[in-house]
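For this chain, numbers begin at 1 and follow the sequence in order.
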Amino acid sequence: MQTSGRLRNRLSGWFANYLSRPIPGFDPPAAYSAGQLGAVLQPGDVLLVEGNLRISSVIKYITQSTWSHVALYVGPQPGARGDDPPVLVEAELGYGVILSPLSKYENFHTRICRAIGLRPDDRERIVSHALGRVGHDYDLKNVIDLARHRLSRCSVAARLKRGLRALGSGEPTRAICSTLIAQAFQSVRYRILPTRRMVPCSDTPPDRIDDCIEEAWEARHFSLFAPRDFDVSPYFTVVKPPPVEDFDYRRLRWAN
């Protein structure tokens, strides 16, 4: 049993190392500088990233989306020094849940998604929830399960009937980027991509439970989320930084 466990850990380590390598020749279609991002980002904003790693290609393929990574902007923390302090909470393969500076993604294609109508006190709770996960491990099994889940020919309804409610290791100290952020928003019961279902009326006596049915929201388990879900959610709006200073399209030099 010990030999089997060591072999499994060795294979998992090799697989994680392979997926963590950059893709040669990666060229993002557009990129903002750290200054442009920092000028508009607010605590609680979601930053989507088109990554340049092999695991990025895997996630983009299984989710059929541009976005392979997601981080939460929490702002500079007490005691932070320098012009480029850690301001993002993210879960990264090989590192787990970490704090990162904005300069990390200034040469990447990014998108800012902001929760609509989020109360200031709930924003603080979301930020606090994410910061409390710093130091947790990465859940590679969640990525593998997500691939199986998204590529399965079986309908979502059929999978749920078979008892599929969550993915990953199930360990509370492990997360991937999208589950980390989804769990933070669900901690204040903020909608991302909820579904409607019919439930018994809340004030119906037990013996009359079939006489009254009403519509209610049901939250998807946080382990089922992918980065693209924050982009397609109707409860998040896209915020774009302004172009470079003194932008004038008439002064652009075109090759042709």
If you apply the rule side chain to side chain contact (heavy atoms under 4.5 Å, CB included), what do you find for V97 with L180, and how did you get there?
CA-CA 8 Å; V97 182; L180 170 73; 4.0 Å; yes
Under 4.5 Å between any side-chain heavy atoms of [X] and [Y], yes or no?
| X | Y | answer |
| --- | --- | --- |
| P234 | L193 | yes |
| V89 | I181 | no |
| L72 | F185 | yes |
| I112 | V40 | yes |
| S65 | P227 | no |
| D139 | T179 | no |
| K60 | S68 | yes |
| V49 | W67 | no |

Reported [atom1]-to-[atom2] distance for the pair [X] and [Y], which is rounded to 0.5 angstrom:
| X | Y | atom1 | atom2 | result |
| --- | --- | --- | --- | --- |
| L47 | L102 | CG | CG | 7.5 Å |
| L41 | L88 | CG | CG | 7.5 Å |
| R111 | K240 | CZ | NZ | 6.0 Å |
| Q183 | I126 | CD | CD1 | 12.0 Å |
| H69 | F108 | NE2 | CZ | 9.5 Å |
| Q186 | F222 | CD | CZ | 7.5 Å |

Mind telling me whether F236 and F230 have parallel, tilted or perpendicular rings, with 30° and 60° as the class edges?
perpendicular
Could you pull out the closest heavy-atom pair between [X] and [Y], with the gap in Å?
| X | Y | answer |
| --- | --- | --- |
| E92 | E90 | OE1-OE2, 3.7 Å |
| Q36 | P241 | O-CB, 3.5 Å |
| L99 | P86 | CB-CB, 3.8 Å |
| L118 | R123 | O-NH2, 3.5 Å |
| I192 | D229 | CG2-O, 4.2 Å |
| H136 | G132 | NE2-O, 4.2 Å |

Between [X] and [Y], is there a shared hydrophobic cluster once you connect ILVMFWY residues whose side-chain heavy atoms come closer than 4.5 Å?
| X | Y | result |
| --- | --- | --- |
| Y105 | V238 | no |
| I98 | L93 | no |
| F225 | I116 | yes |

Surrounding CG of D248 (heavy atoms of other residues, nucleotides or ligands, distance under 6.0 Å), is the total greater than 12?
yes
Using the side chain to side chain contact (heavy atoms under 4.5 Å, CB included) rule, take L131 and Q77 through it: C-alpha gap first, then chi angles, then the decisive distance, then the call.
CA-CA 10 Å; L131 286 169; Q77 299 305 296; 3.2 Å; yes
Could you check whether R125 pairs with D122 (Lys NZ or Arg NE/NH1/NH2 to Asp/Glu carboxylate O, under 4.0 Å)?
yes
Are the side chain of E106 and the backbone of K104 linked by a donor-acceptor contact shorter than 3.5 Å?
no
